[in-house]
Amino acid sequence: MLGRRICVGWNRLFLCMPVVMLIVHLLSVTELNQQNNLGGVHKEKPSKSDHLILGPAAGEGLPDRLQCQGTKALSKMHFGTSLNNSRSPDRVALVTVFTIYNSTVESRPSDLVTVGNISYGKLERSMAILNVFVNFIQAVMPHSNVIILTDPASELPLNRDMVTIQPIQGEYSRDKLMLQRIRSYIAFLESRLEGLNEKQEQVTHFIFTDSDIAVIDDLGQIFTDYPDFDLALTFRNNKDQPLNSGFIAVRGTIEGIKRGKAFLQEVLRVYSSKFMESSRMLGDQLALAWVIKSHPNFNTRRFSKREAFLDKIGGASVLFLPCSVYNWTPPEGAGQFHGMPLDVKVVHFKGSRKRLMLESWNFFSSSSNLSDMLCLILKSGRTKYDF
């Protein structure tokens, strides 16, 4: 009898085992789904702001940084010249590479972004940035020409005084745009060299920049304050990417253009042979750094100091200018730059700060106060925006 009861107990246990295993499996699946749902919440990217968000101003309390109370500047910026009184006897032209994509596709309502009282589709957003780029130059350097290098297939809807659109053949796809930019710079310098002669009475210097910058002081001073350079680059204290390609100046003399062109041709060679996997982004900056760092006896420790310096690189006299003055950006301004130096000359609205560029121009247009506008930028630059 005892043995039969034991057998009956074991039979019941074996009969119940599938049910028990099914329940355990269902509980495990339910828990896994809950964890995935919670994980999905953490993985959601925060939406970019559709309005400016004022935050703390980096550099508070530092004597050589812009101090603000709200959007009111408490410090006096060290602008080098008045708006119409440049010390440079020569001309300066600012050059940028710009193209448009999908210009025939109409914007959907969901694509519209509003800044101030104006709504922009995708094409209108790009053109708004280009127009504001020109606006700042014409406000601060009214005698300077703006030259836009573009794909011959692009029909830019832009008709502005002292703005020249120069088509240059090339591959302007998004994946190759940074590579094409260097090629366009080289082709442009070649075209300028053909029109020069030894007895030119007036020199036109060239500053190649990204189109998402605001020039806030006369950059012609570079060529008078530093009369011995052929080519100028901007640097920062960044081990992997110490040079930013968004600002390159070339002296407009025959020798300056020849040496600047040769330097850029070497950068293009290195780019094409070593950094094509980064052709969409950063490849040009990696190639610039490689060309500079590979030069014998170049001291990279100078990148850690906020001081301009001159060096001979491959036959060209290269001037290195600090990004904190000539290529200041909101993210780095909140980080390694420790705020905004009082002598800043160029603000670079990299990445998701394009809305801030337009808002800054609107602010300046209504107030005519560059220092207060810089407070707006300094206090709003930590946020990523939707434009």
Side-chain angles (χ1 to χ4, degrees), residues 95-99 149 168 170-189 207-213 229-250 259-306 308-333 335-337 346 348-353:
V95 187
T96 192
V97 170
F98 185 90
T99 191
L149 311 180
I168 292 181
E171 187 176 356
Y172 289 81
S173 65
R174 285 186 173 93
D175 289 342
K176 300 290 177 62
L177 187 58
M178 293 299 99
L179 189 67
Q180 179 59 42
R181 182 167 71 169
I182 299 178
R183 288 174 173 155
S184 295
Y185 289 173
I186 293 170
F188 172 79
L189 291 175
I207 301 177
F208 299 90
T209 75
D210 288 349
S211 58
D212 57 351
I213 70 160
F229 78 90
D230 301 308
L231 177 104
L233 305 171
T234 55
F235 72 90
R236 59 198 167 190
N237 188 19
N238 183 315
K239 182 179 179 181
D240 297 323
Q241 299 170 35
L243 300 167
N244 186 284
S245 58
F247 184 104
I248 300 174
V250 175
R259 291 167 183 163
K261 173 190 162 189
F263 178 89
L264 291 175
Q265 285 174 324
E266 176 63 10
V267 172
L268 179 62
R269 184 191 68 78
V270 171
Y271 194 159
S272 301
S273 62
K274 297 181 181 295
F275 300 109
M276 284 303 292
E277 71 279 4
S278 301
S279 61
R280 186 180 179 95
M281 289 290 290
L282 304 179
D284 53 347
Q285 297 186 163
L286 295 172
L288 270 174
W290 194 94
V291 170
I292 297 300
K293 290 181 177 181
S294 64
H295 192 268
N297 303 320
F298 186 82
N299 184 4
T300 58
R301 286 180 295 181
R302 285 181 289 185
F303 288 149
S304 64
K305 298 180 180 179
R306 187 180 169 269
F309 63 93
L310 203 64
D311 209 331
K312 203 79 171 178
I313 307 292
S317 180
V318 180
L319 174 66
F320 294 87
L321 298 166
C323 278
S324 57
V325 177
Y326 292 92
N327 207 333
W328 188 94
T329 66
E332 289 168 314
Q336 65 158 294
F337 294 162
V346 175
H348 192 170
F349 297 90
K350 292 193 296 186
S352 301
R353 272 80 183 183

Work out which heavy atom in [X] is nearest to a heavy atom in [Y]; give both atom names and the distance.
X    : Y    : result
L243 : R236 : O-NH2, 4.0 Å
S184 : V97  : CB-CG2, 4.0 Å
L286 : D240 : CD2-O, 4.0 Å
K293 : K239 : NZ-O, 2.7 Å
A232 : L321 : CB-CD1, 4.2 Å
G260 : L231 : CA-CD1, 4.0 Å

- [ ] May I ask you to decide whether K350 forms a salt bridge with D212, counting only side-chain N to carboxylate O separations under 4.0 Å?
- [x]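 Salt bridge: no.
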TODO: In plain terms, say whether R302 and D311 are close enough for a salt bridge, that is, a side-chain N and a carboxylate O under 4.0 Å apart.
DONE: yes
Task: Side-chain (S294) to main-chain (V291) donor-acceptor, under 3.5 angstrom - done: yes
Task: Main-chain N/O of T209 paired with T96 side-chain donor or acceptor, under 3.5 Å - done: yes
To the nearest 0.5 Å, how far apart are [atom1] in [X] and [atom2] in [Y]?
X    : Y    : atom1 : atom2 : answer
D175 : Q180 : CG    : CD    : 13.5 Å
F188 : I168 : CZ    : CD1   : 7.5 Å
L310 : F229 : CG    : CZ    : 9.0 Å
L288 : Q241 : CG    : CD    : 11.0 Å
E277 : K274 : CD    : NZ    : 10.5 Å
L268 : R183 : CG    : CZ    : 5.5 Å

Any heavy-atom pair between the side chains of [Y] and [X] that's under 4.5 Å?
X    : Y    : answer
L179 : D284 : no
C323 : F235 : no
F208 : V250 : yes
K176 : M276 : yes
R181 : S245 : yes
L319 : L233 : no

Task: Listed partners of F263 passing ring pair (Phe, Tyr, Trp, His ring centres under 6.0 Å), at least two apart - done: none
TODO: For R259, check side-chain contact (heavy atoms from CB on, under 4.5 Å) against everything at least two apart and list the hits.
DONE: D230, E255, A316
- [ ] List in chain and number order the residues that pass side-chain contact (heavy atoms from CB on, under 4.5 Å) with A287, two or more places apart in sequence or in another chain; answer none if no residue qualifies.
- [x]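 Only V267, V270, Y271, F275 meet the side-chain contact (heavy atoms from CB on, under 4.5 Å) criterion with A287.
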Task: Modelled atom types, side-chain donor and acceptor of S304 and N237, under 3.5 Å - done: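 No - no donor-acceptor pair under 3.5 Å links their side chains.
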TODO: Given side-chain contact (heavy atoms from CB on, under 4.5 Å), test F349 with I213 step by step and report yes or no.
DONE: CA-CA 6 Å; F349 297 90; I213 70 160; 5.9 Å; no
TODO: For K305, look at atom NZ and say whether over 12 heavy atoms of other residues, nucleotides or ligands are found less than 6.0 Å away.
DONE: no
Task: Pairwise ring-ring contact (aromatic ring centres under 6.0 Å, His included) hits with a residue in residues 276-298, at least two apart - done: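 Sorted result for residues 276-298: F298-F303, F298-F320.
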Open item on the list: Give me each pair satisfying side chain to side chain donor-acceptor pair (under 3.5 Å) with a member in residues 315-330, each pair once, sequence neighbours excluded.
Closed with: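 As it turns out, the side chain to side chain donor-acceptor pair (under 3.5 Å) pairs with a partner in residues 315-330, which skip direct neighbours, are T234-N327, N244-N327, R306-S324, N327-H348, T329-E332.
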Task: Test side chain to side chain donor-acceptor pair (under 3.5 Å) applied to S211 - qualifying residues, sequence neighbours left out - done: none
